[in-house]
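Reviewing the structure listed below.
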Amino acid sequence: MPEKTADVIVVGGGVMGCSTLYYLAQMGVTNTLLLERDTLGSGSTGRSAAILRSHYSNEVTTRMAIEGHRVISNFEDEIGEPGGFVKTGYFFLASEEQAEPLRRNVALGRSLGLNTEALEPAAALELLPDGFNLDGIAAIASEPDSGYADSSAVTNGFASAARRAGATIKLGVEVTGILTGKGRVTGVQTTDGPLHASAVVLVAGPWSAELLMSVGAPVPLSYVRHQVVQLRRSLQRYPTLPTVADAPGGYSFRPDSGDVTLVTIKEDPADRETYNRSVDAEVAQMALEVMAHRLPGFEEAGWDGGWSGLFTVTPDWHPVIDRVPGVEGLVCGVGFSGHGFKLSPAIGRALAELTVEGRSTSIDMTPLRFTRFAEDDLIESSYGATVFA
Ligand SMILES: Cc1cc2nc3c(=O)[nH]c(=O)nc-3n(C[C@H](O)[C@H](O)[C@H](O)COP(=O)(O)OP(=O)(O)OC[C@H]3O[C@@H](n4cnc5c(N)ncnc54)[C@H](O)[C@@H]3O)c2cc1C
């Protein structure tokens, strides 16, 4: 092999790439190079609502969410950088058919150490803002310690901590191919020429698809545009708000700074390159209506813009975290299906372990293996194939 540029090359500077770089350094691997074609967090990460909740329907994701919350809510102590965590409490609202799965998921979370409770509507009303309308809701999962963080701060925090440990980050360099020889990865081809390494971690978000295809290891990925509507509410009426997911309604909301509330709503198939990055007027109207239905004071709320971002979705709305079959030394983390931010500390650690030790030891990622689609062994979600997973 030609002279090595680094021991490990990480492709993509979203939250997953930066977290992986940090955990590689934690494992003593600091001769590393992260390549980002644009700027850190310029993909889905910079468009995230960055909600942290741990209510999930399966063990591996619940474990990752609990670990993600532990790290992100203590980011300053853990990583030495601000992460912008705000504890708001979280309520997951479920319909009659979703009530039993909700109770099962709460029991799963509790068995893994999560502070969560399944509530009847009357008990939840004691905790929700005055006048909250629980029409059509049969059960509520509450997580008092959950909230949201700042996806840019977390991404840059991981990057800064990794740099301090010796890692290198290059911006404005695009990876155009994966170099292989004798069944193993030897580096990457880039817009700056070839760069050599004995391991490569592929975390290029929606753009991982072609690179995986080029080494004969396709993952079924599709792309969905998701809108984040920014509303302004009366602070007199609602000085604070919890973070809420309305599963029957298919949307979530959380407070932001000042009087701003973010409503994350609507998923439409989209073209990766040309999708509309702003918010549709009719979706903003829909957000105002669903909010006013639950919290009547939102009848007087105003629409103040927002943005759209891309979900990179797998058939079971869960990511692939694995070594790439047939290419020794190539590891990938793709298909976060709109809920990856909170999982990023656990994913970065697992990708670092897969790279260095060949298997993920902190959390067993076998359920998220590469081959599960071909084996027809998909992850099941209580709430169907949606972001609530
Ligand atoms: C609107 C929206 C709301 C969301 N809300 C939440 C939420 O509330 N909670 C939650 O947990 N998750 C949420 N998510 C999901 C979460 O943001 C993503 O799962 C996560 O950010 C994915 O990170 P990533 O690093 O895999 O991808 P990305 O952030 O897309 O990073 C990939 C990076 O790779 C770079 N790249 C691509 N190709 C190349 C190449 N060939 N060479 C070099 N660089 C390359 C890109 O420029 C990009 O910076 C949301 C997502 C969106 C879009």
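We count ligands from 1, going down the list as the structure has it; atoms in each ligand are counted the same way.
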Using distance alone, decide if ligand 1 has a nitrogen or oxygen within less than 3.5 Å of any nitrogen or oxygen in [X].
X    : answer
I51  : yes
V11  : no
K342 : yes
E36  : yes
D38  : no
S48  : yes

Going by the order shown, which atoms of ligand 1 are within less than 4.0 Å of some heavy atom of [X]?
X    : result
M16  : 23 (O), 24 (P), 25 (O), 26 (O)
F336 : 19 (O), 26 (O)
V173 : 43 (C)
W207 : 37 (C), 38 (N)
V15  : 21 (O), 23 (O), 25 (O)
H339 : 10 (C), 11 (O), 12 (N), 15 (C)
G338 : 6 (C), 12 (N), 13 (C), 14 (N), 15 (C), 50 (C)
A49  : 3 (C), 4 (C), 5 (N), 6 (C), 8 (O)

**Prompt:** Would you find a donor on one side and an acceptor on the other, under 3.5 Å apart, between the side chain of E36 and the backbone of G13?
**Reply:** yes

**Request:** Verify, without hydrogens or angle tests, whether H55 (side chain) and T116 (backbone) share a donor-acceptor contact under 3.5 angstrom.
**Result:** no

**Message:** For Y22 and F158, take the angle between the two ring planes, folded into 0 to 90°, and tell me which bin it lands in: parallel under 30, tilted 30 to 60, perpendicular over 60.
**Reply:** tilted

Nearest 0.5 angstrom please: [X] [atom1] to [Y] [atom2], how far?
X    : Y    : atom1 : atom2 : answer
R372 : D377 : CZ    : CG    : 9.0 Å
N105 : R103 : CG    : CZ    : 11.5 Å
F253 : L262 : CZ    : CG    : 11.5 Å

May I ask you to identify the nearest protein heavy atom to [atom], giving residue, atom name and distance to one decimal place in Å?
atom                    : answer
atom 31 (O) of ligand 1 : G14 CA, 3.4 Å
atom 1 (C) of ligand 1  : R47 O, 3.2 Å
atom 28 (P) of ligand 1 : S44 N, 3.7 Å
atom 29 (O) of ligand 1 : T45 OG1, 2.6 Å
atom 52 (C) of ligand 1 : F311 CE2, 3.5 Å
atom 41 (N) of ligand 1 : V175 O, 2.9 Å
atom 34 (O) of ligand 1 : G12 CA, 3.3 Å

Is the contact between [X] and ligand 1 made by the side chain, the backbone, both, or neither, using heavy atoms and a 4.0 Å cut-off?
X    : answer
F341 : both
L343 : neither
R37  : both
L35  : backbone
A50  : backbone
T264 : neither

**Message:** Against ligand 1, does T190 come closer than 4.0 Å with any heavy atom?
**Reply:** no

**Request:** Could you verify whether a donor N or O on one side chain and an acceptor N or O on the other, from D364 and T366, lie under 3.5 Å apart?
**Result:** yes

**Request:** Tell me yes or no: between the side chains of N156 and E81, is some donor less than 3.5 Å from an acceptor?
**Result:** no

Which heavy-atom pair separates [X] from [Y] by the least distance, and what is that distance?
X    : Y    : result
T155 : C18  : O-CB, 3.5 Å
R47  : S308 : NH1-O, 2.6 Å
F341 : S48  : CB-OG, 3.8 Å
F370 : D322 : N-OD2, 2.8 Å

**Prompt:** Between E353 and M365, is a side-chain contact (heavy atoms from CB on, under 4.5 Å) present by the stated rule, with each step listed?
**Reply:** CA-CA 11 Å; E353 289 168 352; M365 295 290 173; over 6 Å; no

**Request:** Sequence neighbours left out, what passes side-chain contact (heavy atoms from CB on, under 4.5 Å) with S234? Give chain and number order.
**Result:** Q236, R237

**Request:** Could you check which of G43, A204, A245, S19 puts a non-hydrogen atom nearest to atom 32 (C) of ligand 1?
**Result:** A204

**Asked** Any idea which of G205, S337, G340 brings a heavy atom closest to atom 27 (O) of ligand 1?
**Response** G205

**Asked** Are R225 and Y275 in a cation-pi setup, meaning NZ or CZ lies under 6.0 angstrom from the ring centre and within 45 degrees of the ring axis?
**Response** no

**Request:** Only counting residues at least two apart or in another chain, list the ones meeting side chain to side chain donor-acceptor pair (under 3.5 Å) with E289.
**Result:** Q285

**F92 and Y383 aromatic centres sub-6.0 Å** = yes

